[in-house]
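As C-alpha cells, the structure follows; a few thoughts come after it.
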Amino acid sequence: MVGTGALLLMVTACAGPDMSTAQPAAGGDSAGPTGSVSTSPSPSASVLPAPPTANPPGKPRLTVPEGSTPVPPGKVDATALPAGFPHEVWTSNGGMVLDIRAQEGGCGHALGEAAEQTGDRVVVNLSETKAQTGQMCTMDIRYPVISVVLAAPLDQRTVVLKTTPPK
C-alpha cells in the first residue's frame, strides 16, 4: 500500500502544468482545471517553436537538405581523402550549392571551401576548426553535412574532395 502511494505521488509530481491528471467523472461531466486560461495569443510569449529555416551554407547539419540531388559516384573524386572519410556529395539550389558529408570530432567543426572551380572540376578543401588550447573535448566523431556555394552550377563537372590542416 505504501509503495502504491509513493508511485502515485511520483507520477502526479512528474506531470507538468501542461499534463492534466484529472479524469472525467462517470456520467460524462468533468470539472475544468482551476486557475485562469487565456484563449488569446500573447504577442510577447509564444508557445510554439519557430518553424525550421533553411540552413545557410557553411553551417553544419545532420541531414541532407530536402530536395537535394546525389552527385553520381563517378563524378566524385575522393582519392585524396583519408581511408574511412565519407565521400557523399549532393547538389541543391539548382546545382549552385554542394552539400557534402564531412567528418568532425571533439570540439572541432567541419568546414568546406571551393578552392578551385574550372570548366571540368570543382576542388573542395575540407577541414576542421582547431580546438582551443587547454579545452577539454569529447572523443567522438560526427558526420555533419556542410554546404559549399559554387560560382556556377555543378552540371557535369567532377567534385574533387581534399582535406587541409585544421584552421
Side-chain angles (χ1 to χ4, degrees), residues 10-11 13-21 38 40-167:
M10 286 178 23
V11 169
C14 291
D18 58 343
M19 296 177 66
S20 173
T21 57
S38 174
S40 62
S42 169
S44 63
S46 174
V47 193
L48 300 174
T53 57
N55 197 29
K59 298 284 184 183
R61 70 179 117 236
L62 299 177
T63 59
V64 178
E66 194 172 317
S68 296
T69 305
V71 174
K75 289 291 185 179
V76 177
D77 177 356
T79 56
L81 293 180
F85 204 95
H87 47 84
E88 300 169 291
V89 182
W90 299 264
T91 60
S92 57
N93 294 353
M96 293 294 295
V97 175
L98 294 179
D99 298 302
I100 302 166
R101 176 82 58 200
Q103 180 174 308
E104 66 185 18
C107 296
H109 296 286
L111 302 170
E113 68 175 332
E116 179 185 327
Q117 299 183 52
T118 65
D120 62 342
R121 70 185 197 155
V122 173
V123 177
V124 177
N125 286 338
L126 301 172
S127 65
E128 189 175 355
T129 60
K130 246 185 190 175
Q132 296 176 356
T133 305
Q135 180 180 6
M136 291 182 62
C137 298
T138 60
M139 295 287 294
D140 63 328
I141 296 177
R142 298 176 301 274
Y143 301 98
V145 176
I146 59 171
S147 299
V148 176
V149 178
L150 301 178
L154 180 64
D155 291 329
Q156 296 302 313
R157 296 187 286 173
T158 299
V159 177
V160 180
L161 300 175
K162 296 183 176 185
T163 58
T164 57
K167 296 182 179 193

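Along the sequence shown, residues carry numbers from 1.
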Exercise. Sort and list the pairs that fulfil salt bridge (Lys or Arg N to Asp or Glu O under 4.0 Å) and have at least one residue in residues 134-153, not counting sequence neighbours.
Key: E104-R142, D140-R142
Quiz item: Roughly how far, to the nearest 0.5 Å, is the OG1 atom of T163 from the CD atom of Q103?
Solution: 10.0 Å
Practice problem: Could you note down all residue pairs passing salt bridge (Lys or Arg N to Asp or Glu O under 4.0 Å) where residues 83-95 supplies at least one of them, sequence neighbours left out? | Solution: E88-R101
Quiz item: Taking the side chain as C-beta and beyond, is there a heavy-atom pair between I146 and L126 under 4.5 Å?
Solution: yes
Quiz prompt | side-chain hydrogen bond (donor to acceptor under 3.5 Å, both in side chains) partners for E116, two or more places apart | solution = R121
Self-check item: Pairwise salt bridge (Lys or Arg N to Asp or Glu O under 4.0 Å) hits with a residue in residues 71-80, at least two apart
Solution: none
Practice problem: Give the C-alpha distance, both sets of side-chain angles, the deciding distance and a yes or no for side-chain contact (heavy atoms from CB on, under 4.5 Å) between S147 and R61. | Solution: CA-CA 9 Å; S147 299; R61 70 179 117 236; 2.8 Å; yes
Quiz prompt | Contacts of P166 that satisfy side-chain contact (heavy atoms from CB on, under 4.5 Å) - sequence neighbours left out | solution = K130
Enumerate, atom names and distances included, each donor-acceptor pair closer than 3.5 Å involving a side-chain atom of residues 80-87, sequence neighbours excluded.
none

Self-check item: By side-chain contact (heavy atoms from CB on, under 4.5 Å) - contacts of T63 (at least two apart)
Solution: none
Quiz item: Does any pair with a residue in residues 146-163 pass salt bridge (Lys or Arg N to Asp or Glu O under 4.0 Å), and if so which ones, sequence neighbours excluded?
Solution: none
Practice problem: Name all residues meeting the side-chain contact (heavy atoms from CB on, under 4.5 Å) criterion together with S92; count only those two or more places apart in sequence or in a different chain, and write none if there are none. | Solution: S68, V97, D99
Quiz item: Sequence neighbours excluded, which residues qualify as salt bridge (Lys or Arg N to Asp or Glu O under 4.0 Å) partners of E128?
Solution: none
Quiz item: What are the two closest non-hydrogen atoms of S127 and T164, and how far apart are they?
Solution: CB-OG1, 3.1 Å
Quiz item: Does any pair with a residue in residues 98-131 pass disulfide bond (SG atoms under 2.5 Å apart), and if so which ones, sequence neighbours excluded?
Solution: C107-C137
Quiz item: With T91, which residues qualify under side-chain contact (heavy atoms from CB on, under 4.5 Å), at least two apart?
Solution: T69, V71, L98, L154
